[in-house]
*Asks:* 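Pasting a structure below so you can have a look.
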Amino acid sequence: MNQITLINGDGIGPEISDAVVKIIEASGLKINWDVQSAGADVVDTEGSPLPQRVIDSVKRNKVALKAPVTTPIGKGFRSVNVQLRKSLDLYANVRPCKNLPDIKTKFSHVDIVVVRENTEDLYAGLERKVDENTAESIKLITRGASERICRFAFEYALKNNRHEVCVVTKANIMKVSDGLFLDCFRNVSKDYHDINTREILVDNLCMQLVQNPSQFDVLVLPNLYGDIVSDLCAGLIGGLGVAQGANIGDEYAVFEPVHGSAPDIQGQNKANPTALLLSAIEMLKYINKKDYAFKIKNALYKTFEQSKFTVDLGGNLSTTEFTNAIIQNLNQ
Ligand code: ATP
């Protein structure tokens with residue numbers, strides 16, 4: 001049986017994890033979930049929001065499904081998400097953004113995959129106060145990490161029948177750092193003759209995305225631009241409740257929604273499990289359970305086509321009712 005780490009998180013994490021586990025179970029796929037608690041709830045008992053046992057579990061199982069985990073504020077904890085990505089060298093953050101049936105958005109035909117470099121750039125944490133009135137932060141870009149993420153984007157495009165990879169930089173201004181990222185992209189692209197390439201400046205990309213998003217296919221970006229652009233793309237397809245993601249390295253992969261732990265709706269049976277479910281569907285494809293992935297996706301799409309939505313998408317279904325509707329569609 002497949003053994004997979006389940007980090008059920010905090011806030012709405014346990015509610016949406018329960019929903020997704022039930023849906024996968026109802027699809028007929030047997031998974032042995034290695035459940036690992038993390039986040040605000042374990043700080044008092046274990047002294048850290050991300051105990052070593054969680055990292056060890058992912059290392060053992062190679063794959064994890066992760067619900068949102070809050071990093072407690074003001075206690076000196078490093079971000080749980082950043083720590084997990086660093087410990088497991090999950091260098092690629094992959095966020096597919098595709099329109100879902102019957103969810104009304106400004107644009108149809110959006111089908112973009114954002115591939116964000118996850119380990120360096122302004123997120124390397126190299127910043128300091130020079131004096132009382134001056135602070136500086138180092139934008140770290142290396143050839144190794146840049147070539148690795150560009151290669152990942154081209155490989156992703158090949159494996160997923162994508163036609164174009166577009167690199168996003170501000171290389172006209174940051175000629176050295178973004179210039180190096182662009183140079184790496186151009187070098188790597190020479191190994192992928194079947195994939196078209198495109199280069200765009202990040203400010204122009206943002207304008208184009210809100211005017212005509214369907215022109216884009218796979219985007220590859222350094223960390224900071226990737227963070228901002230992937231939230232913009234989530235907005236194009238209906239917002240946080242439906243935005244899926246994955247953090248992938250050469251050895252391990254952690255699939256997680258884009259949204260946070262949403263403490264404002266915790267315990268109210270209101271949370272939308274779709275973003276975690278779509279992340280789980282990608283995870284099933286990753287572990288080669290494509291039949292189950294398609295079966296669950298079809299049941300989810302059918303539920304939307306029946307105009308069954310949770311409150312965040314303008315519907316009136318609770319988490320439980322929405323989950324049951326998907327399960328019912330699985331069995332038809
Ligand atoms: P973080 O910093 O951890 O990302 P945040 O407070 O910035 O957290 P979220 O926790 O993602 O952001 O919540 C932002 C808003 O979106 C909240 O109002 C929350 O209720 C809503 N939200 C987030 N995820 C969901 C979901 N799955 N279903 C319904 N509403 C959600």
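Note that these values count all heavy atoms, side chains included, but never hydrogens, waters or copies made by symmetry. Just follow the structure's listing: the first ligand is 1, and inside any ligand the first atom is 1.
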*Asks:* Atom 17 (C) of ligand 1: which protein heavy atom is closest, and how many Å away?
*Replies:* Asp264 OD2, 3.4 Å
*Asks:* Does ligand 1 come near enough to Ala262 that some N or O of the ligand is less than 3.5 Å from an N or O of the residue?
*Replies:* yes
*Asks:* Under a 4.5 Å side-chain heavy-atom rule over Ile, Leu, Val, Met, Phe, Trp and Tyr, are Ile281 and Ile287 clustered together?
*Replies:* yes
*Asks:* Quick one about Asn187 and Ser189 (side-chain donor to acceptor, distance below 3.5 Å, no hydrogens or angles considered), yes or no?
*Replies:* no
*Asks:* Run the numbers for me: atoms of ligand 1, each under 4.0 Å from some heavy atom of Asp312, listed by number.
*Replies:* 29 (C)
*Asks:* Would a search of protein heavy atoms around atom 3 (O) of ligand 1 find one under 4.0 Å away?
*Replies:* yes
*Asks:* What part of Pro68, side chain from CB on, backbone N/CA/C/O, both or neither, has a heavy atom under 4.0 Å from ligand 1?
*Replies:* neither
*Asks:* Return yes if some donor-acceptor pair links the side-chain N/O of Lys295 with the main-chain N/O of Ser27 below 3.5 Å, else return no.
*Replies:* yes
*Asks:* Which of the numbered atoms in ligand 1 are below 4.0 angstrom from a heavy atom of Leu240?
*Replies:* 11 (O), 14 (C), 16 (O)
*Asks:* So does Gln306 have more than 12 non-hydrogen atoms from other groups sitting under 6.0 Å from CD?
*Replies:* yes
*Asks:* What residue and atom, counting heavy atoms only, is the protein's closest point to atom 8 (O) of ligand 1, and at what distance?
*Replies:* Gly260 CA, 3.9 Å
*Asks:* Considering the heavy atoms of Ile12, write down every atom of ligand 1 situated less than 4.0 Å from one of them.
*Replies:* 26 (C), 27 (N)
*Asks:* State if Ala275 counts as touching ligand 1 under the rule of any non-hydrogen atom under 4.0 Å.
*Replies:* no
*Asks:* When you compare the side chains of Arg95 and Asn93, does any donor N or O come within less than 3.5 Å of an acceptor on the partner?
*Replies:* yes
*Asks:* Taking both backbone and side-chain atoms of Asn272, is any N or O found less than 3.5 Å from an N or O belonging to ligand 1?
*Replies:* yes
*Asks:* Would you say atom 6 (O) of ligand 1 has a protein heavy atom nearer than 4.0 Å?
*Replies:* no
*Asks:* Which of the numbered atoms in ligand 1 are below 4.0 angstrom from a heavy atom of Ile265?
*Replies:* 20 (O), 29 (C), 30 (N)
*Asks:* Purely on distance, is any nitrogen or oxygen of Lys270 under 3.5 Å from one on ligand 1?
*Replies:* no
*Asks:* Salt-bridge test for Glu199 and Arg186: reply yes if a basic N is under 4.0 Å from a carboxylate O, no otherwise.
*Replies:* yes
*Asks:* Hey, what do you get for OG (Ser37) to CG (Leu6), rounding to the nearest 0.5 Å?
*Replies:* 10.5 Å
